[in-house]
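Naming convention: chains lettered A, B, ... in sequence-line order (proteins, then strands); numbering from 1 in each chain. Please read these numbers as outputs of a predicted model, since none were measured by experiment.
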Amino acid sequence: MPFGRELFFFYIMALFGLFGKDKKKKLDQGLEKTKESFLSKLTRTVVGKSKVDDEVLDDLEEVLITSDVGVKTTLKIIERIEERVGREKYVSTSELQNVLRSEIASLLEENNTSDVEYDIPKHPDNNPHVIMVVGVNGVGKTTTIGKLAHQFKGMGKQVVLGAADTFRAAAVDQLIIWSERVGVPIVQQGMEADPASVAFETLEVAKAKGADVAIIDTAGRLHNKVNLMNELTKIKRVMQKVVPGAPHEILLVLDGSTGQNAFEQAKQFSLATEINALAITKLDGTAKGGVVIGISDQMKIPVKYIGVGEQMNDLQSFNRRAFVDSLFGE
Amino acid sequence: MFENLTDKFEKAFKVLKGQGQISEINIAETLKEVRRALLDADVNFNTAKEFTKTVKEKALGRDVLNAVSPGQLMVKICHEELIELMGGDETEVNYQGNPGIILMSGLQGSGKTTFSGKLANFLKSKKGKNPLLVACDVYRPAAIDQLHVLGDQIGVEVYSNKEEKNPVNIANAAIQHAKSNGNNVVIIDTAGRLAIDEQMMSEISDVKNAINPSETLFVVDAMTGQDAVNTAKAFNERINFDGVILTKLDGDTRGGAAISIKAVVDKPIKFVGTGEKMDALDVFYPKRMADRILGMGDVVSLVERAQEQYDEKEARRLQKKIKKNQFDFNDFLSQLQQVKKMGNVKDLMGMIPGMGKAMKNVEIEDDAFKHIEAIIYSMSPEEREHPEIINQSRKKRIAKGSGQSLTEVNKLLKQFGDTKKMMKMMSNKKNMANMMKQMKGGMPGM
């Protein structure tokens, strides 16, 4: 009975004409990752060689690509080293490590972001500092919020959490457990409540309590789902009714084991909500950080935090120098 | 879902188009592009290297003079190789046994709990099973609650024990429970764990040894980079899983993991997750995925989904109406409902050959139907049956009633008119066949 399926076929095509709306062309970008440390790979690359030649550069390309640095940034690094080799005529393989380190460090520095310390700015009228946490599904938003709350509390700050992920099953319960663990108040309206309404109430409560910081959890959303992305704009708008300028910080959480799609996520979320900080999670796994180099190079958003474990204390502020040092095993 | 990769392939093949013969020289640049496209798509470095090597050998070895064009030949070789890489024929999940036991494993946030729910729903609604979900994630806050919420949603029982902290004991007790309770499949959700976490890896290996599952699944986020392969390897060494589940494929990830996992651990990908709803899962078909990568569309999937929603009687009734040119807004509305049941419109569009590219710059909102429904619901029954009576003042009233602009109402009416004409034309089998041919002819690179 082929009629049915043809009808459907046709229908979808016909309907297509009804909904077509132009969308900005997407950009491509890339990352990749690794199991071994940078250093051990690098050592293997140059073993038995005295001079940096094409073969060494090819191997280096492989090291970078498989460390999730991404094709574009990798080529950039290689080009710079090629330039340097051309300029200095002879670069020994033992120097390669130093050269590479300084090139990576300068790539990270060019990206005019400053290393950010945990500090909560003061706002007029004793308004709380508002942080909205966003990201795709399963990157570790709620866990990151728990860790952040713990750190802020340790700094003597008063924290209020807002459970605006009212969509994913038991997401509210998950944040409640964190609030109990950390010992901070939480505002929640249960599952399926309007996220904007939860955010609104959270800010009201935070304001009434004279809290220093309010952290809003949001539902995971894939960045290509337009409606869900628009919802973020709404949450933001509603919050500004309580605290002008809120959210002061929109923290995009990226999974450290994500490949090239991490760039797409950063781009799309930026378009929707003016992301001004990144947190890279799960860096305690086998992927050791090429993703951070790639993102720092390509995006003009500072990497603020990195997640390195499951414990409450396993959230660090990102420090480029320390990061480059750790890549090279120091 | 692989639109980006397809673009790159097309770009790479452009270099070859118009050249008479594949030679070492003219293939080099193309292969470089192919390799870069694969790397950009998170395909494992070595897999990408192997892939381009094989493609090169096959391309050079063939009698290219007989090929219509080198570009076409290359597409064909890449297509064949992709299928080969992704694992040949599809394999089902083994849920046989008394009860059948399915064990989930994977990293944190890969989507194990959501997928457990989907699989239970699938086995219940499509395979007539009576599944039991088991909450063995004793670590993540509210993980147990999450499974309970999902279980309630799909009407599947969930076994949990918040007092018990040992997953082995929970799993064993759950299986006993299933036996006495008549559940013929047990799906065990476990905590997310890193492959380098020795303690957690021995835990899941203990669970596996204790319950001897009929199927052990490794759940992996489709957005994962090269680490997908490393993690898959590490899990495979410890628990020797039977299959892979690729989740979050409804994102715009290029999904290179799909290409390399099978190649590296030699385990098939069995299901893909395509959304947050409980019915958003698909069986993984390597061939279709290869088609998709190369922009050949996924017609078979679409047809299957259409058939699931297809009501023969209703279709006959419609066919008659179409032939008599009586198709009205009521029929349109009921068709809309059916299309909605088939899933996300954009996904569906992506499956139609040649559409993937056209769709790239188009955003179809999830509730795109809402506006149309609003307009139709604002029509009187008479207007729905006889759209031709809708004059300017009726249009204004409809626009007002539906909260849509007059332009939107006009657009819908025009579209409806065109639709009707096309449908009449297409209700003739011959015309339809011609159209399909045309669509095929329009396929990129073919």
Peer 1: For chain A, find which of B/G117, B/P141, B/G111, B/A142 contributes the most heavy-atom pairs closer than 4.5 angstrom.
Peer 2: B/P141
Peer 1: Between A/Q188 and A/G190, is there a donor-acceptor pair closer than 3.5 Å when you use the side chain of the first and the backbone of the second?
Peer 2: yes
Peer 1: Examine whether an atom of B/R193 lies under 4.5 Å from a heavy atom of chain A, and if so say whether it belongs to the side chain, the backbone or both; otherwise answer neither.
Peer 2: neither
Peer 1: For the side chain of A/T73 and the backbone of A/G70, is there at least one donor-acceptor N/O pair under 3.5 Å apart?
Peer 2: no
Peer 1: If you check every heavy atom in residues 162-173 of chain A against those of chain B, which residues fall under 4.5 Å?
Peer 2: A/F167, A/R168, A/A169, A/A170, A/D173
Peer 1: Nearest 0.5 Å, what's the CD1-CZ distance between B/I375 and B/F416?
Peer 2: 13.0 Å
Peer 1: B/N46 versus chain A, heavy atoms under 4.5 Å apart: side chain, backbone, both or neither?
Peer 2: side chain
Peer 1: Would a distance-only check, ignoring hydrogens and angles, find a side-chain to backbone donor-acceptor pair under 3.5 Å from B/S160 to B/A135?
Peer 2: no
Peer 1: Write out, in numerical order, the residues from residues 174-184 of chain A with a heavy atom short of 4.5 Å from a heavy atom in chain B.
Peer 2: A/Q174, A/I177, A/W178, A/R181
Peer 1: Does the side chain of B/F115 come within less than 4.5 Å of B/D189's, by heavy atoms?
Peer 2: no
Peer 1: Quick one: list whatever passes side-chain hydrogen bond (donor to acceptor under 3.5 Å, both in side chains) with B/K248, sequence neighbours left out.
Peer 2: B/D221
Peer 1: If you apply the rule side-chain hydrogen bond (donor to acceptor under 3.5 Å, both in side chains), what do you find for A/Q265 with A/N261, and how did you get there?
Peer 2: CA-CA 6 Å; A/Q265 292 171 25; A/N261 198 250; 3.1 Å; yes
Peer 1: Against chain A, label B/K414 side chain, backbone, both or neither, depending on which of its atoms sit under 4.5 Å from a heavy atom there.
Peer 2: neither
Peer 1: Main chain of B/T47, side chain of B/N44: is a donor-acceptor contact present, judged purely on distance under 3.5 Å?
Peer 2: yes
Peer 1: For residues 134-148 of chain A, pull every pair meeting side-chain hydrogen bond (donor to acceptor under 3.5 Å, both in side chains), keeping only residues two or more places apart or in separate chains.
Peer 2: A/N137-B/E276, A/T142-A/D217
Peer 1: Quick test of your reading of the model: are A/K282 and A/D314 salt-bridged, counting only N-O distances below 4.0 Å?
Peer 2: no
Peer 1: Any salt bridge between B/D145 and B/K162, counting N to O under 4.0 Å?
Peer 2: yes
